[in-house]
There are 2 protein chains.
Amino acid sequence: MVDTQDTASRARTRQAIIDAAIAVLGKNLSAPLSEVATAADVGRTTLHRYYPERSDLIKAIKAESVLRLSRATERARLAEGTGAEALCRLCEEYFEVGDVLSLVFSESQFLSEDDWCQFGGAEDRFGAAVERGHRDGSVDPDLPASWLENVLWSQLYAAWSYATEHGVSRHHVLRLTIRTLAGAIAPRP
Amino acid sequence: MVDTQDTASRARTRQAIIDAAIAVLGKNLSAPLSEVATAADVGRTTLHRYYPERSDLIKAIKAESVLRLSRATERARLAEGTGAEALCRLCEEYFEVGDVLSLVFSESQFLSEDDWCQFGGAEDRFGAAVERGHRDGSVDPDLPASWLENVLWSQLYAAWSYATEHGVSRHHVLRLTIRTLAGAIAPRP
DNA sequence: CCAGAGTGGAACACGATTGTTCCAATACGG
DNA sequence: CCGTATTGGAACAATCGTGTTCCACTCTGG
């Protein structure tokens, strides 16, 4: 991207802004830019120097979010193992992207249809894993892929906020999440 | 409340404003008041006549939300049947409050700790139902009440947005939700 | 040491939202 | 039918977030 022309110093500042923006705007997408600047520990002037308009900043954190989610999807190796195992791995990996979860899930306005498509067929691979799960008996055939996608996201978001609000160990919360998800998708006995 | 002094006409207008506010602010808590007025089919002037400041309107929909949730909790009869049955009933009843779900869940700033407490021990009865479920074997003992509360809310919110966005029958979505929840809370085989 | 990169603060104009006032039009009850 | 209750619109000031400009300060590398 444009980062190519950034010196080391500018790259660090840019990253600090992006991280702060994901954290602050994840909690409230209409938070004033001054809050983002404060969180990033930079002046409002500097923020405007890197991202002239609010929409530029939004575009940037959108790109960053998609990037992190893509990498997480990659790491989950959705094509391996049973369908249920693949979904649990995906859950584990997505849990690691942290603040991005709030951004993508709670602000439903954030990622448009187009953004999701551009986020490169993760949806397809997800659907394929669910299909496989339906066939190999590890995923309840009554639950369609679109529903499970919904469940997974809400579960993740709930887990993340539970961890941050209750101040519980993330590792512990992740175990609870996997346990809950596994039970939710398993076929009826 | 103040409604005591309202004529029939004023009561109707007041209710229209509250309903519109829950719908509009549920999607975006920082939406301009003009949007609320439009949705309520009322002039902005009228809105200000009923609720002079934004904070007054917020307070009102907060009270209304707590009221609807309390009634729903009542209807769920948490003390009857197995723990799991009680939780599923609660899920069904909460699903009916609709737009309030977005308001309470997605805007985490909305209900403060104090508001929750004032919402009268629903938390306690919920905890009791979970406890009972742990003992009668209908709820996995590894899942604490606070976690299940989290799961229930996120599941409900996901279900509600799924229904409104995908344009699916609410009844169908509710069945999926109950099915998913039941699986999630059941003890491991 | 010095030039330039990088930064932060102050000040400004602009637009949007808020909250207020006043007045005319309409609906409703007695 | 008349008078009051209720409403909507227009116009206004005040506030807040945004985006811009300008200037002074602090680093850092040559």
Side-chain angles (χ1 to χ4, degrees), chain A residues 1-64 102-103 106-107 109-110, chain B residues 1-64 102-103 106-107 109-110:
Chain A
M1 293 283 193
V2 188
D3 301 23
T4 315
Q5 306 178 351
D6 279 5
T7 71
S9 162
R10 286 184 68 84
R12 274 191 302 272
T13 305
R14 189 179 294 274
Q15 195 56 48
I17 292 176
I18 291 291
D19 290 342
I22 290 179
V24 171
L25 301 181
K27 290 198 186 76
N28 173 17
L29 193 50
S30 18
L33 292 185
S34 53
E35 253 179 66
V36 176
T38 304
D41 203 33
V42 293
R44 198 168 65 91
T45 309
T46 302
L47 197 160
H48 278 295
R49 231 189 303 267
Y50 283 78
Y51 301 101
E53 298 196 3
R54 174 180 257 270
S55 62
D56 295 323
L57 179 59
I58 301 287
K59 216 180 305 174
I61 63 176
K62 206 178 279 192
E64 178 75 10
S102 323
L103 201 48
S106 78
E107 319 287 349
Q109 322 119 19
F110 187 65
Chain B
M1 292 287 190
V2 187
D3 301 24
T4 315
Q5 305 178 351
D6 279 6
T7 71
S9 161
R10 287 183 68 83
R12 275 191 301 273
T13 305
R14 192 179 292 275
Q15 195 55 49
I17 292 176
I18 291 290
D19 290 342
I22 289 179
V24 171
L25 300 181
K27 290 198 185 77
N28 172 19
L29 193 49
S30 20
L33 292 185
S34 53
E35 252 179 67
V36 176
T38 304
D41 204 30
V42 157
R44 198 168 65 88
T45 308
T46 302
L47 196 159
H48 278 294
R49 229 187 307 267
Y50 284 77
Y51 302 100
E53 299 196 1
R54 174 180 259 268
S55 63
D56 295 322
L57 180 59
I58 301 287
K59 216 180 304 175
I61 62 175
K62 207 178 280 193
E64 177 74 10
S102 323
L103 201 48
S106 78
E107 320 286 348
Q109 322 119 19
F110 188 64

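Numbered from 1 within each chain, the chains take letters A, B, ... in sequence-line order.
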Pairwise N/O distances under 3.5 Å, protein to nucleotides 16-18 of chain C:
| residue | atom | partner | partner atom | Å |
| --- | --- | --- | --- | --- |
| dT18(C) | OP1 | Arg54(B) | NE | 3.1 |
| dT18(C) | OP1 | Arg54(B) | NH2 | 3.0 |
| dT18(C) | OP2 | Leu33(B) | N | 2.8 |

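- Partner of Arg14(A) under the salt bridge (charged side-chain N to carboxylate O under 4.0 Å, His left out) criterion, out of Asp56(A), Asp6(A), Asp19(A): Asp6(A) alone.
- Across all strands, Asp41(B) comes closer than 4.0 Å only to sugar-phosphate atoms, never to a base (heavy-atom distances).
- For Thr13(A) and dT7(C), the shortest distance from a side-chain N or O to OP1 or OP2 is below 4.0 Å.
- For Arg49(B) against dG8(D), a side-chain N or O and a base N or O form a donor-acceptor pair under 3.5 Å.
- Between Ala40(B) and Ala16(B), the shortest heavy-atom distance links the atoms CB-O, 3.7 Å.
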Below 3.5 Å between N/O atoms, which protein atoms pair up with nucleotides 25-30 of chain D? Just atom names and distances, please.
none

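- Here the closest non-hydrogen pair linking Leu25(A) and Glu107(A) is O-OE2, 3.9 Å.
- Phosphate contact (OP1/OP2 of dT7(D), side-chain N/O of Thr46(B), threshold under 4.0 Å): absent.
- In this structure, Thr45(A) reaches the bases: a heavy-atom distance under 4.0 Å links it to at least one base atom across the strands shown.
- Taking all atoms of both residues into account, the shortest heavy-atom contact from Ile18(B) to Ala60(B) is CD1-CB, 3.6 Å.
- As a whole-Å value, the separation of Leu57(A) CG from dG19(D) P is 10 Å.
- Across all non-hydrogen atoms, the minimal contact from Ile22(A) to Glu64(A) is CD1-CG, 3.8 Å.
- The main-chain N or O of Val42(A) is never found under 3.5 Å from a side-chain atom of Thr46(A) such that the two would form a donor-acceptor pair.
- Here Tyr51(A) does not reach the OP1 or OP2 of dG19(D): none of its side-chain N or O atoms lies under 4.0 Å away.
- Rounding to the nearest 0.5 Å gives a distance of 11.5 Å between NZ of Lys62(A) and CG of Leu57(A).
- Of all non-hydrogen atoms in Ser106(A) and Gly26(A), the two that sit nearest each other are OG-O, 3.8 Å.
- Two residues, Ser9(B) and Ser55(B), neighbour DNA chain C, and the one matched to the more 5' nucleotide by heavy-atom proximity is Ser55(B).
- Counting to the nearest Å, the P atom of dG29(C) and the CZ atom of Arg10(B) are 15 Å from each other.
- Tyr50(B) has a side-chain polar atom (N or O) that falls below the 4.0 Å cut-off from OP1 or OP2 of dT7(D).
- The interatomic distance linking Asp6(A) (CG) with dA5(C) (C1') rounds to 13 Å, in whole Å.
- Annotation: side chain of Leu29(B) is in contact with side chain of Ile58(B) (closest heavy-atom distance under 4.5 Å).
- At dT6(D), one or more side-chain N or O atoms of Thr7(B) fall inside 4.0 Å of OP1 or OP2 (strictly under the cut-off).
- With the nearest nucleotide of DNA chain C identified for both Leu47(A) and Arg12(B), Leu47(A) has the one nearer the 5' end.
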